[in-house]
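The basis for the numbers below is simple: all heavy atoms, side chains too, and nothing from hydrogens, waters or symmetry mates. Quick caveat, the model's predicted, so the values are computed rather than measured.
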Amino acid sequence: MEDALLKAFGVHLKTLRAQKAISQEALALKAGLDRTYISGVERGLRNVSLINLKKLSLALELPLSDLMDFTESSHD
């Protein structure tokens, strides 16, 4: 279950980033995170902390609620 949740969030983050037309590197720079961390999140390999969720929402210029508005589904 946890893997599916992480993957679903990663797909959602990648979609939001693509909608803003920014690269993983640009998002990482704006959020003060490493590009490899963003890659790991988007691939469902990283469990994001609350602090990093806030950094990502600010970097994407979206409310935190938009970042968390995703549904868990099978992305395996």
Does [X] belong to the same Ile/Leu/Val/Met/Phe/Trp/Tyr cluster as [Y], with side-chain heavy atoms less than 4.5 Å apart forming each link?
X     : Y     : result
Ile22 : Leu58 : no
Leu29 : Leu67 : no
Leu6  : Val11 : no

Return the [atom1] to [atom2] distance between [X] and [Y], rounded to the nearest 0.5 Å.
X     : Y     : atom1 : atom2 : value
Ser57 : Leu16 : OG    : CG    : 10.5 Å
Met68 : Leu50 : CE    : CG    : 9.0 Å
Leu64 : Lys54 : CG    : NZ    : 6.0 Å
Lys14 : Arg43 : NZ    : CZ    : 10.0 Å
Leu5  : Thr71 : CG    : OG1   : 10.5 Å
Arg17 : Ile38 : CZ    : CD1   : 8.5 Å

>> Ignoring hydrogens, what is the shortest heavy-atom contact between Asn52 and Tyr37? Give both atom names and the distance.
In response: ND2-OH, 3.1 Å

>> For Ala31 versus Leu56, what's the shortest heavy-atom pair and its separation?
In response: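 Taking Ala31 first and Leu56 second, the nearest heavy atoms are CB-CD2, 4.3 Å.
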
>> Let's go through Lys20 and Leu27 carefully: what are the C-alpha distance in whole Å and the side-chain angles of both, what is the deciding distance for side chain to side chain contact (heavy atoms under 4.5 Å, CB included) to 0.1 Å, and is it a yes or a no?
In response: CA-CA 10 Å; Lys20 297 283 185 170; Leu27 177 58; over 6 Å; no

> With a cut-off of 6.0 Å (strictly less than), are more than 12 heavy atoms of other residues, nucleotides or ligands near NZ of Lys30?
Replying inline: yes

> Which pairs count as ring-ring contact (aromatic ring centres under 6.0 Å, His included) when at least one residue sits in residues 49-70, sequence neighbours excluded?
Replying inline: Phe9-Phe70, His12-Phe70

